[in-house]
Each structure stands twice: as structure tokens, then as C-alpha cells.
Engineer: 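My questions will all concern the structure given below.
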There are 2 protein chains.
Amino acid sequence: MASISVREVAAEAGVSVGTVSNVLNSPAKVSAGTLSRVQAAIELLGFVRNDAARQLRAGRSRSIGLVVLDVGNPFFTDLARGAEDRAAQAGLTVLLGNSDETVARQSAYLDLFEEQRVHGVLITPLGETGEQLTRLRLRGTPTVLVDRQIEDRSFSSVAVDDVFGGHLAAGHLIGLGRTRLAFVGGQHTIRQVTDRLEGARRAVAEHPGVTLEVVETASLSVLEGRSAGEAIRARPAHERPDAVFAANDLLALGVLQAFSMLGEVRVPQDIALIGYDDIAFASAAVVPLSSIRQPSALIGSTAVELLLREAEAGADFVPEQVVFQPELVVRASTVS
Amino acid sequence: MASISVREVAAEAGVSVGTVSNVLNSPAKVSAGTLSRVQAAIELLGFVRNDAARQLRAGRSRSIGLVVLDVGNPFFTDLARGAEDRAAQAGLTVLLGNSDETVARQSAYLDLFEEQRVHGVLITPLGETGEQLTRLRLRGTPTVLVDRQIEDRSFSSVAVDDVFGGHLAAGHLIGLGRTRLAFVGGQHTIRQVTDRLEGARRAVAEHPGVTLEVVETASLSVLEGRSAGEAIRARPAHERPDAVFAANDLLALGVLQAFSMLGEVRVPQDIALIGYDDIAFASAAVVPLSSIRQPSALIGSTAVELLLREAEAGADFVPEQVVFQPELVVRASTVS
DNA sequence: GTGCATCATTGAATCGATTCACTTAGCCGG
DNA sequence: CCGGCTAAGTGAATCGATTCAATGATGCAC
């Protein structure tokens with residue numbers, strides 16, 4: 001089955017390849033008769049444009065690369081959807097990559113995207129990846145950091161004030177009269193985690209007599225949350241914290257599963273619990289989960305917006321930082 | 001910023017472009033000295049392979065297209081992950097497309113993938129899309145149907161026996177002594193929905209005196225489930241069903257939210273509830289949800305497996321149908 | 001009828017990596 | 001010392017869509 005190119009279409013329609021190309025890209029330049037003859041030929045032969053050839057000529061692909069920490073987390077799929085919708089308006093596609101909270105995978109995706117000559121890269125960066133990202137941008141790929149406040153102002157970024165969010169969560173727990181807080185979360189290479197913890201630390205510091213312990217987890221998944229919850233449940237009752245702030249909702253749901261499984265720990269009576277992200281499943285949990293809400297889809301669409309602006313501006317572009325404020329959502333897991 | 005191609009690298013290293021290509025693709029053919037000289041030049045100039053040029057020459061891309069009904073549904077992200085892992089082993093990437101239960105979007109993704117000359121397409125098809133898929137395959141793109149049993153045996157497919165699953169769910173409810181069943185689900189263009197309903201119908205038919213009503217929804221989301229649940233709750237108590245089978249877990253969680261919000265309907269005492277897919281959040285629900293489990297990741301990896309086989313076999317390939325059996329997972333939403 | 005502008009169309013050159021028929025160098029056995 | 005062999009490297013041709021300077025055709029004004 002010989003593949004069909006513009007050449008075959010041109011021959012069939014009795015025109016030149018240039019005209020076929022015009023039919024595809026600027027039909028206005030072509031006379032009505034020729035247009036329909038060429039379209040008929042395309043239909044007849046089943047011609048399908050070869051995107052590789054197109055991109056080669058154009059020098060850039062019509063896609064945006066998006067690297068997130070975990071596609072299993074609804075927060076990121078919501079964010080991705082926001083990005084997709086905005087990208088679609090500009091005629092662009094979003095390629096979704098999952099770093100799985102792993103530097104190696106993140107790096108592999110960045111390499112892949114660069115080989116594809118993507119229009120730009122949106123990334124929820126892990127650790128201090130500054131170097132690779134800087135190189136990427138130097139070579140001409142616009143790059144926007146997502147869900148991450150960055151000290152280095154040379155990148156555009158869209159973020160939520162996670163320190164504020166952490167403060168909000170811990171402040172809420174303290175306001176309820178809780179004094180022995182635990183923060184469940186992990187991988188201090190993930191900035192979101194350390195910022196949320198930092199916010200909690202500040203809230204605790206403002207209230208003498210309130211303590212904060214940290215329960216480390218290996219990742220931000222339901223399973224890890226369950227382990228952490230089980231570890232807490234296994235302690236004698238008086239050594240348990242009276243409030244838990246989980247670094248995200250997946251962890252919080254895991255903790256909740258561990259607590260409610262044997263009915264030994266009651267939420268919120270024995271331990272109040274709050275998560276972060278306010279994913280759709282949080283409100284449907286065993287005990288509806290209090291959480292810190294972030295505008296996930298808006299973050300995604302804004303990131304694309306900044307990316308397009310950077311791509312347009314070219315050399316003389318000025319990075320922009322957009323910061324959203326999170327809000328507290330109170331449900332049954334903290335107040336009875 | 002002039003872009004760096006193999007030509008520049010070749011000049012810098014003092015070799016021919018052919019040799020640079022060999023360094024990239026079959027280093028064994030190149031002597032040690034030349035190898036390191038070329039690698040140094042690549043490093044120095046910051047050369048990055050242009051994937052478009054590569055693909056153009058190769059005629060195929062190194063990606064697989066995957067079109068799912070809803071990326072927001074954890075079942076599909078699990079499936080996608082299974083596919084990605086298997087694809088990575090073969091050096092392929094997975095491009096994830098979200099049809100959003102819409103024929104137009106599905107069609108757009110298929111066109112896009114065909115223009116990209118993907119290695120193959122995995123799809124959870126909507127409606128009777130036979131024609132477009134047949135054309136796609138005729139033009140040489142291997143295609144595997146996912147999560148869909150197909151009567152037409154000309155396609156390879158990986159599926160779960162949804163009729164059996166539906167029977168399992170309804171049978172379970174009937175076995176508990178429930179007699180007024182309701183099926184919540186919608187868009188009869190989605191085969192999974194009609195199959196699950198068909199299974200439920202059969203189970204009901206086997207038990208005289210048991211009735212089954214159908215509550216139509218516009219999609220398979222938590223929000224739609226909530227509306228359906230509210231509609232049921234709004235009825236006088238004696239006109240409500242005593243058991244609900246939701247077409248998937250998202251719907252079931254929505255129904256559960258509606259039921260438990262005012263505390264008017266108790267699950268499972270007043271109405272037993274069962275979902276489908278057994279997503280991770282099902283076990284963490286207000287009332288842990290009974291469900292029908294499908295091996296999501298395995299479905300994804302198997303689909304890639306079949307795809308690779310089809311790609312390898314070429315013209316004389318024989319389509320294969322793999323069918324997995326779902327299993328019943330009983331939790332508190334059906335038994336107290 | 002000539003000059004000029006407009007519109008439609010042409011086709012060779014281009015993007016960059018890969019391929020493959022071909023050259024060159026080095027080595028070995030007889 | 002020669003024929004035959006392998007290993008290393010070469011560079012023009014190729015993939016297919018797009019672009020753009022050049023050509024042809026048509027109409028209009030004077």
C-alpha cells in the first residue's frame with residue numbers, strides 16, 4: 001500500500017503540489033473549481049497529511065508538553081483539562097507526561113518534549129531542577145512552572161500560595177482547640193510539601209503550647225496515607241496527635257481509611273483531619289473531608305496563557321508570576 | 001539562534017553526517033575515538049535530535065495513541081498507566097486523548113493520531129464508530145479496541161465481560177432480598193453501559209417479582225450521579241427503589257452523596273448501592289462502596305501487547321479477542 | 001491596443017535525520 | 001606481494017509538506 005502524499009493528490013487533481021498545499025492551508029487563495037477538484041481527489045485517495053513533514057518544515061510542533069507529579073491525582077487531571085481547553089482554543093494539543101514524583105522520569109519527558117520541538121513546556125518541577133529547565137529555555141522552548149512558587153524570577157509561573165494554604169489549614173485546626181498537630185506528607189524534594197509544612201509551622205509558632213510533629217511519607221498517594229494512618233493508630237491513644245494535616249487529599253483519604261477501618265479512632269472527635277486540593281472525592285469520603293481548595297483548572301489554563309505570551313514575545317519577554325490564594329473548605333472531618 | 005543539526009555536529013567533530021547518525025543509532029559501528037569526539041561535539045553544541053525529521057524518514061512515529069472516555073475517571077488513568085508501562089518496554093510513548101464521551105472529540109483525536117502516523121491506536125470506542133476505525137486500519141494503523149467486547153471479530157480487542165459484571169451486581173442485590181432495583185447510567189451510545197444494563201436485566205428476569213427501572217444520566221460523572229440520586233431521594237419513600245446499581249463508581253459516589261447529604265436515605269438499610277470499576281476511592285467513600293472490579297492496568301498492558309503483535313504481523317495478522325472476567329467486591333454499601 | 005494590476009497557479013528549494021552503495025585503510029594467509 | 005576480507009567512514013538521495021519567486025491569465029482603464 002503505497003502511501004499517499006500531496007504529490008499523488010496533485011497528479012490526480014491535475015494541479016501542482018503547491019496548489020494542494022494551498023487547499024489545505026489557505027483555501028481562500030484557491031479558485032472554487034480547483035478547490036473542489038482537489039478536495040475530491042483527497043477524498044478519493046484517502047489522503048492524510050503527514051504531520052512529521054509539516055513539523056519539520058515549520059520547525060515547531062503544535063503541541064505543548066505538560067509534566068505533572070501524578071496523573072492518578074484528580075487535582076492534576078483537573079489542571080490538565082484546564083490546560084487542554086485553553087490550548088485547544090489556540091489550535092494546540094497537550095501532551096501529558098507523568099513524572100511519578102521521580103526525577104529520572106521527569107528528565108526523560110523533558111528530553112522527549114525537546115526532541116519533539118514542542119511549542120512549550122508546562123511543568124510541576126521536582127527538586128532543584130533549575131539547570132535542565134534553564135538549558136531547555138535557552139535553546140528556545142518557552143517554559144512555565146506550574147503549581148510552584150519560585151524564588152528565581154526568571155521563569156514565568158502559576159502557583160498557589162502554599163505557605164498561606166498550610167497556615168490556613170493548621171490555623172483552622174488550632175482554632176478548633178487542637179494542640180497536638182501532626183503533618184503527614186513527604187518527599188521534601190517536592191516544594192508543595194515543604195511550603196505547606198512551612199505554613200503549618202508558622203501557624204503553630206503563633207500559638208504557644210501547640211506542638212507539631214511530622215510524619216514522613218514516601219509519596220503522596222492513598223496507600224502511603226494509609227500506612228501513615230496505621231502507624232498513628234498503632235500508638236497508645238494518649239501519644240496520638242489530636243489533629244492531622246495531610247499534604248494532599250489522597251494522603252488524607254488514606255489516613256481516613258486507616259482511622260475508620262477498625263473504628264478505634266473517631267474523626268473528628270478523637271483526631272480532626274484536613275487535606276489539601278479539595279478533589280471531587282473529598283466530599284464523598286467516609287467522613288467528608290475538610291480541605292484547602294485550589295482553582296485547579298484555572299491554574300492549567302493560566303499556565304497555557306503565560307506560555308503563549310512567552311512564545312509570542314520571543315527574546316524580549318518578561319517573566320510573569322501569577323499567584324492564586326487557596327481557600328479553606330470546612331466539612332465534617334474537622335467539625336462535628 | 002541558529003538551530004543545531006547533525007550537519008553542524010559533523011563539522012565540529014570533523015566527520016560526516018552519516019557517522020553522526022551512527023553514533024546516535026548504532027554506536028557499535030563507530031570506533032571508540034570517533035565516538036567520543038562526536039559525543040563531545042554534541043555536548044558542546046547542545047545538539048538535540050529533531051524528532052520530526054526522524055519520523056518523516058522512518059514513516060512512523062514512536063508513539064501509541066490512546067483515546068479514553070474520561071481521564072477524570074481513575075479507572076482510565078489506571079488503564080493508561082498499564083498501557084504506558086508496557087509501551088515503555090518497547091521504547092514507545094503513549095499519547096493520551098480524552099474523548100469526553102463525545103463522538104466529535106473522539107473523531108478529532110483519531111484524525112490527529114493518523115496525521116501523526118502513530119504506531120497504533122488503542123480506543124474505548126463510542127457508538128458505532130466502525131467506519132472511521134475500519135478506514136484507519138485499512139490505511140495501515142493497527143487498532144485495538146479497549147474495554148469493549150465487539151461482535152465484529154475483525155478487530156483485536158481487550159474487554160471485560162460487562163454483561164456478566166452487570167449480572168453479578170444485580171444478582172448480588174437480589175440475593176440480599178432486594179426486589180425493586182434501579183439502574184443508574186446513561187448514554188446508550190456507550191456500550192459498557194448497555195452491556196451492564198443487559199446483564200442486570202437478565203439477572204432480574206431470572207427472579208420473578210423483582211423489578212428493574214432505569215434512571216437515565218447524561219454522562220458517567222459524579223455530578224450526574226448526584227442529580228440522579230437527588231431525583232430518587234425526592235420521591236415519596238415507598239416509591240423509591242430498594243437497591244441501586246450504578247453504571248460506574250463515579251455515578252455511584254454521586255448517588256451516595258445525594259443520599260447521605262440529608263440523612264434521609266440510609267445506605268444500605270433503605271437502599272443498597274453498588275457501583276462498577278472498583279476505583280481506589282470507592283473503598284474510602286462515606287459508606288465504603290461495593291463494586292465490580294476490573295483489572296484496569298492489566299487491560300491497558302494487554303491492549304498494547306495485542307497492538308504490538310498486530311503491528312509486527314502486518315498483512316497476515318489474525319485479530320485476537322481477550323476477555324477478562326470481573327469480580328464482585330462486597331463492602332458496606334450493600335451489607336450492613 | 002497597450003499598460004498595469006489582480007488573481008490563480010506553478011515547481012524547485014527547503015527543513016534535518018537516516019540510509020545505503022561506495023571508498024579507503026588495515027590485516028591475514030598463502 | 002597479492003587477493004580477499006572486514007571494519008570504519010562517506011555523502012548524495014530520500015521522506016512529504018510548505019514556501020516563495022516567477023509565470024500566466026484575466027480584466028479594466030485610458
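Proteins get letters first, then strands, A, B, ... in listed order; numbering begins at 1 in each. Note that the structure is a prediction, hence the values are computed from the model and not measured.
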Engineer: From C/dG16, C/dT18, C/dT9, pick the nucleotide closest to the side chain of A/Thr19?
Structural biologist: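 For A/Thr19, the side-chain atoms sit closest to C/dT9.
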
Engineer: With a 4.0 Å cut-off on N to O distance, would you call A/Asp147 and A/Arg191 a salt bridge?
Structural biologist: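 Between A/Arg191 and A/Asp147 there is no salt bridge, as every charged N stays at least 4.0 Å from the carboxylate O atoms.
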
Engineer: Could you list the residues that satisfy salt bridge (Lys or Arg N to Asp or Glu O under 4.0 Å) with A/Arg60, not counting sequence neighbours?
Structural biologist: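 For A/Arg60 there are no salt bridge (Lys or Arg N to Asp or Glu O under 4.0 Å) partners, ignoring immediate neighbours.
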
Engineer: Looking only at the side chain of A/Val6 (C-beta and beyond, no hydrogens), which of the listed nucleotides D/dA17, C/dA17, D/dA12 gets closest?
Structural biologist: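 From the listed options, D/dA17 comes nearest.
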
Engineer: Applying side chain to side chain donor-acceptor pair (under 3.5 Å), which residue pairs with at least one partner in residues 296-308 of chain B are found, sequence neighbours left out?
Structural biologist: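 Listed once each, the pairs are B/Arg86-B/Glu305.
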
Engineer: Is the phosphate of D/dT19 approached by A/Ser21 (side-chain N or O, under 4.0 Å from OP1 or OP2)?
Structural biologist: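 So the side chain of A/Ser21 is outside the cut-off, no N or O lying under 4.0 Å from OP1 or OP2 of D/dT19.
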
Engineer: Base, sugar-phosphate alone, or nothing: which one does A/Val15 contact when heavy atoms must sit under 4.0 Å apart?
Structural biologist: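 Answer is sugar-phosphate: A/Val15 comes under 4.0 Å of backbone atoms only.
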
Engineer: Roughly how many Å is it from CD in B/Glu115 to P in D/dG16, rounded to a whole number?
Structural biologist: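 Distance check: B/Glu115 CD to D/dG16 P gives 15 Å.
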
Engineer: Under a 4.0 Å N-O cut-off, is there an ion pair linking A/Asp100 with B/Arg81?
Structural biologist: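 Looking at A/Asp100 and B/Arg81, the cut-off is met.
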
Engineer: Looking at residues 43-62 of chain A, who's got a heavy atom less than 4.0 Å off DNA chain C?
Structural biologist: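 Contacts with DNA chain C under 4.0 Å: A/Leu56, A/Arg57.
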
Engineer: How does protein contact run along nucleotides 20-28 of chain C, one letter per nucleotide 5' to 3', with B for base contact, S for sugar-phosphate only, - for none, heavy atoms under 4.0 Å?
Structural biologist: ---------

Engineer: Evaluate the criterion side chain to side chain contact (heavy atoms under 4.5 Å, CB included) for residue pair A/Gln321 and A/Arg153; output intermediate values, then yes/no.
Structural biologist: CA-CA 8 Å; A/Gln321 281 82 30; A/Arg153 308 231 136 202; 3.2 Å; yes

Engineer: Judged by each residue's nearest nucleotide on DNA chain D, which is more toward the 5′ side, B/Arg117 or B/Leu35?
Structural biologist: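 Looking at DNA chain D, the more 5' nearest nucleotide goes with B/Leu35.
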
Engineer: For a quick check under 3.5 Å, do B/Gln55 and B/Asp51 share a side-chain donor-acceptor pair by atom type?
Structural biologist: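 A pair is found: one side chain offers a donor N or O, the other an acceptor, under 3.5 Å apart.
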
Engineer: Under 3.5 Å, sequence neighbours excluded: what are the donor-acceptor pairs made by side chains of residues 28-35 of chain B?
Structural biologist:
from: B/Ser31; atom 1: OG; to: B/Thr34; atom 2: OG1; distance (Å): 2.9

Engineer: According to side chain to side chain contact (heavy atoms under 4.5 Å, CB included), who are the partners of A/Leu112, at least two apart in sequence or on a separate chain?
Structural biologist: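 A/Tyr109, A/Gln116, B/Thr93.
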
Engineer: Tell me whether the OP1 or OP2 atom of D/dG16 has a side-chain N or O from A/Ser3 closer than 4.0 Å.
Structural biologist: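 Answer is yes, contact under 4.0 Å.
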
Engineer: Within this structure, what is the CD1-to-P distance between B/Ile4 and C/dA17, rounded to whole angstrom?
Structural biologist: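 It works out to 10 Å between those atoms.
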
Engineer: Hey, does B/Val30 reach any base, or is it just sugar-phosphate, or nothing, if we go heavy atoms under 4.0 Å?
Structural biologist: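 Sugar-phosphate contact only.
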
Engineer: Are OP1 or OP2 of D/dG11 and a side-chain N or O of B/Ser16 less than 4.0 angstrom apart?
Structural biologist: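 Checking B/Ser16 against D/dG11: no side-chain N or O falls below 4.0 Å of OP1 or OP2.
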
Engineer: Quick one: is the NZ or CZ of B/Arg137 closer than 6.0 Å to the six-membered ring centre of B/Phe155, and within 45° of its axis?
Structural biologist: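 Geometry flag: set, cation within 6.0 Å and 45°.
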
Engineer: Find the distance B/Arg37:CZ to D/dA8:C1' and express it as a whole number of Å.
Structural biologist: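 Computing the B/Arg37:CZ to D/dA8:C1' distance gives 12 Å.
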
Engineer: Identify which nucleotide among D/dA8, D/dT18, C/dT18 has an atom closest to any side-chain atom of B/Ser31, counting heavy atoms from C-beta outward.
Structural biologist: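 Within the option list, the nearest is D/dA8.
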
Engineer: For A/Lys29 and D/dA21, give me the distance from atom NZ to atom C1', rounded to whole Å.
Structural biologist: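 Result: 13 Å.
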
Engineer: Does A/Asn25 make a side-chain N or O approach to OP1 or OP2 of D/dA17 shorter than 4.0 Å?
Structural biologist: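 Looking at the OP1 and OP2 atoms of D/dA17, neither is under 4.0 Å from any side-chain N or O of A/Asn25.
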
